[in-house]
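Working notes for the structure below.
Counting begins at 1 with the first residue of the sequence.
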Amino acid sequence: MVYGVGYTGHFRVSHKRASTRKERDEFRGSKYVQSDLNGIFVQVKDDLKQGLHVLFSGTPCQTSGLYSYLSLFRISMDKLCIVDIICHGVPAPNIWRDYLAYIEQKQKMEAVAVNFRDKSTSGWASHQETFIFKEGVVSTGTYARIFCQSIMFRHSCGICHFANLQRPSDITIGDFWGWERVDPHFNADNKGVSLVLVNTRKGRLFFDETKTWIDYIETDTQHCIQLNLQSPTTIHPQRDAFERDYANHGFVYIGRKYGDMGWKYKANLYLLAFRKWTKSMIDK
């Protein structure tokens with residue numbers, strides 16, 4: 001059994017259980033929302049009690065929570081492989097819900113598919129959200145822009161105990177930023193390179209069973225160290241003001257004030273472009 005993050009209902013981000021390849025494939029792709037774990041730990045416990053092999057993936061705090069839960073019930077974890085992700089922080093699900101509703105209201109129809117990080121146009125470094133409708137596709141970066149400001153994360157993300165190399169999992173995965181220092185040709189298709197940190201003996205055995213199916217390069221920690229493998233994300237100083245604004249005025253207000261939905265953001269883009277053009281003229 002494989003546990004990962006997919007969707008329930010109308011694109012509500014939730015942990016789910018997969019027993020087939022098709023069900024498992026839903027877990028691919030980033031979901032920048034705190035997932036709903038309701039009932040999942042109990043299912044994992046029941047699977048292990050039945051002697052099934054289980055792989056569970058989630059944020060470090062989720063995987064640590066699972067480990068503590070199973071330890072409390074003295075469940076054998078010999079057949080459990082735990083995978084955590086390099087996490088920057090998680091926003092509350094209501095913001096994603098309201099953003100989706102805003103996009104659908106503008107289009108006057110419901111989305112049939114969503115993609116938090118569409119690589120099809122600008123490659124893996126791009127953070128564009130794509131909403132697929134029956135009559136077209138809408139791409140925008142509003143949610144990603146707010147996310148990258150670290151202004152809508154949980155307060156606990158700013159004091160995360162797992163933002164280091166002492167991971168509560170057998171394997172850690174994430175984006176390999178800095179891959180070009182190891183091999184400048186490895187990402188020729190611009191679809192990205194994954195970082196895999198093997199943390200335990202069980203993780204090593206698991207990776208050894210799968211490495212014949214993937215292209216990989218071994219390196220050392222100094223070439224792949226990232227901010228959130230050293231310290232927690234610094235929460236934006238206006239985090240409390242953001243929460244008040246959202247509670248009092250809703251998503252459209254914060255999208256304009258903190259995102260790229262308002263005229264102020266567009267005016268700043270034009271101003272920056274004008275300054276850049278002016279500087280180039282002066283240099284010439």
Side-chain angles (χ1 to χ4, degrees), residues 1-59 62-63 66 70 77 79-87 90 93 96-97 100 103-104 109-121 123-124 126-139 143 169-176 189-196 202-203 205-216:
M1 299 299 160
V2 176
Y3 288 83
V5 178
Y7 300 107
T8 56
H10 191 55
F11 301 113
R12 182 165 61 90
V13 177
S14 304
H15 258 80
K16 299 174 72 175
R17 176 179 184 264
S19 58
T20 67
R21 288 185 174 90
K22 183 178 180 181
E23 291 173 339
R24 175 210 59 191
D25 289 350
E26 186 183 337
F27 304 155
R28 291 174 173 168
S30 302
K31 287 96 174 173
Y32 296 104
V33 185
Q34 179 182 325
S35 63
D36 185 351
L37 275 167
N38 185 33
I40 292 297
F41 285 6
V42 176
Q43 291 185 53
V44 173
K45 179 184 70 173
D46 291 344
D47 283 344
L48 292 172
K49 288 176 70 174
Q50 293 177 34
L52 298 174
H53 288 270
V54 175
L55 185 145
F56 179 92
S57 63
T59 62
Q62 291 174 332
T63 61
L66 175 63
L70 296 174
M77 289 177 262
K79 295 185 178 181
L80 172 67
C81 184
I82 297 181
V83 178
D84 69 25
I85 62 171
I86 301 174
C87 180
V90 290
W96 162 246
R97 178 203 65 192
L100 174 61
I103 296 293
E104 292 180 329
M109 66 183 79
E110 285 194 346
V112 296
V114 298
N115 188 339
F116 277 85
R117 189 174 169 189
D118 191 349
K119 305 176 187 177
S120 61
T121 55
W124 80 311
S126 173
H127 283 256
Q128 287 284 111
E129 306 101 43
T130 297
F131 300 84
I132 301 172
F133 298 89
K134 289 182 179 179
E135 299 180 7
V137 177
V138 173
S139 292
Y143 189 86
S169 64
D170 300 300
I171 290 175
T172 297
I173 59 175
D175 291 323
F176 192 166
D189 59 4
N190 196 28
K191 291 183 179 180
V193 180
S194 295
L195 173 63
V196 180
K202 187 192 296 181
L205 293 173
F206 187 86
F207 181 75
D208 286 345
E209 288 185 2
T210 61
K211 67 184 183 181
T212 57
W213 305 330
I214 61 177
D215 295 323
Y216 72 96

(message) Return the NZ to NZ distance between Lys119 and Lys191, rounded to the nearest 0.5 Å.
(response) 9.5 Å
(request) Find the distance between CD (Glu23) and CG (Asp25) and round it off to the nearest 0.5 Å. (result) 10.0 Å
(request) Using modelled atom types only, decide if a donor and an acceptor are shared between the side chain of Glu110 and the backbone of Glu104 within a distance under 3.5 Å. (result) no
(message) We want to know whether Gln43 and His15 form a side-chain donor-acceptor pair, criterion being a heavy-atom distance below 3.5 angstrom.
(response) no
(request) Over all heavy atoms of both residues, which pair between Met1 and Ser19 is shortest? Give the atoms and the distance, please. (result) SD-CB, 3.5 Å
(message) Just so I know, are the side chains of Phe207 and Ile214 near enough to count as touching, which here means a heavy-atom distance under 4.5 Å?
(response) yes
(message) I'd like to check Val44 versus Leu66 (side-chain heavy atoms, cut-off strictly below 4.5 Å). Are they in contact?
(response) yes
(request) Would you indicate whether Lys49, at its atom NZ, is surrounded by more than 12 heavy atoms from other residues, nucleotides or ligands within a distance under 6.0 Å? (result) no
(message) Nearest 0.5 angstrom please: Ser139 OG to Phe131 CZ, how far?
(response) 9.0 Å
(message) Check whether Lys211 reaches the backbone of Tyr216 with its side chain - one donor and one acceptor, N or O, closer than 3.5 Å.
(response) no
(message) How close do Asp84 and Ser169 get, counting heavy atoms only, and between which atoms?
(response) OD2-OG, 2.9 Å
(request) Quick one: closest heavy-atom pair of Pro93 and Val33, and the distance? (result) CA-CG1, 3.5 Å
(message) Quick check for you: to the nearest 0.5 Å, what is the distance between Leu48 atom CG and Leu70 atom CG?
(response) 6.0 Å
(message) Name the residue from Leu100, Thr130, Ile132, Ile103 that meets the side chain to side chain contact (heavy atoms under 4.5 Å, CB included) definition with Val114.
(response) Leu100
(message) Take a 6.0 Å sphere around CG of Asn38 and say whether it holds more than 12 heavy atoms from other residues, nucleotides or ligands.
(response) no
(message) Is there a side-chain contact between Ile86 and Thr172 in this structure, where contact means two heavy atoms from C-beta onward sitting under 4.5 Å apart?
(response) yes
(request) Inspect the contact between Asp46 and Arg17 and indicate whether a charged nitrogen and a carboxylate oxygen are less than 4.0 angstrom apart. (result) no
(message) Looking at every non-hydrogen atom in both residues, tell me the closest pair between Leu80 and Lys202 and how far apart they are.
(response) O-NZ, 2.6 Å
(request) Scan Leu55, Asp170, Val83 and name whichever one has a side chain to side chain contact (heavy atoms under 4.5 Å, CB included) with Phe206. (result) Leu55
(request) Please name the pair of heavy atoms, one in Ser14 and one in Thr8, separated by the smallest distance, quoted to 0.1 Å. (result) OG-OG1, 2.9 Å
(message) Could you report the tightest heavy-atom contact between Gly123 and Asn190, atom names first, then the distance?
(response) CA-ND2, 3.3 Å
(message) Would you say that Tyr3 contacts Phe41 through its side chain, given a criterion of any heavy-atom pair below 4.5 Å between the two side chains?
(response) no
(request) Give, for atom CZ of Phe27 and atom OH of Tyr7, the distance between the pair rounded to the nearest 0.5 Å. (result) 12.0 Å
(request) Assess whether atom CG of Asp215 is packed by more than 12 heavy atoms of other residues, nucleotides or ligands within 6.0 Å. (result) no
(request) Taking Lys79 for its side chain and Gly51 for its backbone only, find out whether a donor-acceptor pair lies under 3.5 Å. (result) yes
(message) Using 30° and 60° as the class boundaries, would you call the ring planes of Trp96 and Tyr143 parallel, tilted or perpendicular?
(response) perpendicular
(message) Distance check, rounded to the nearest 0.5 Å: Lys16 atom NZ versus Glu26 atom CD?
(response) 3.5 Å
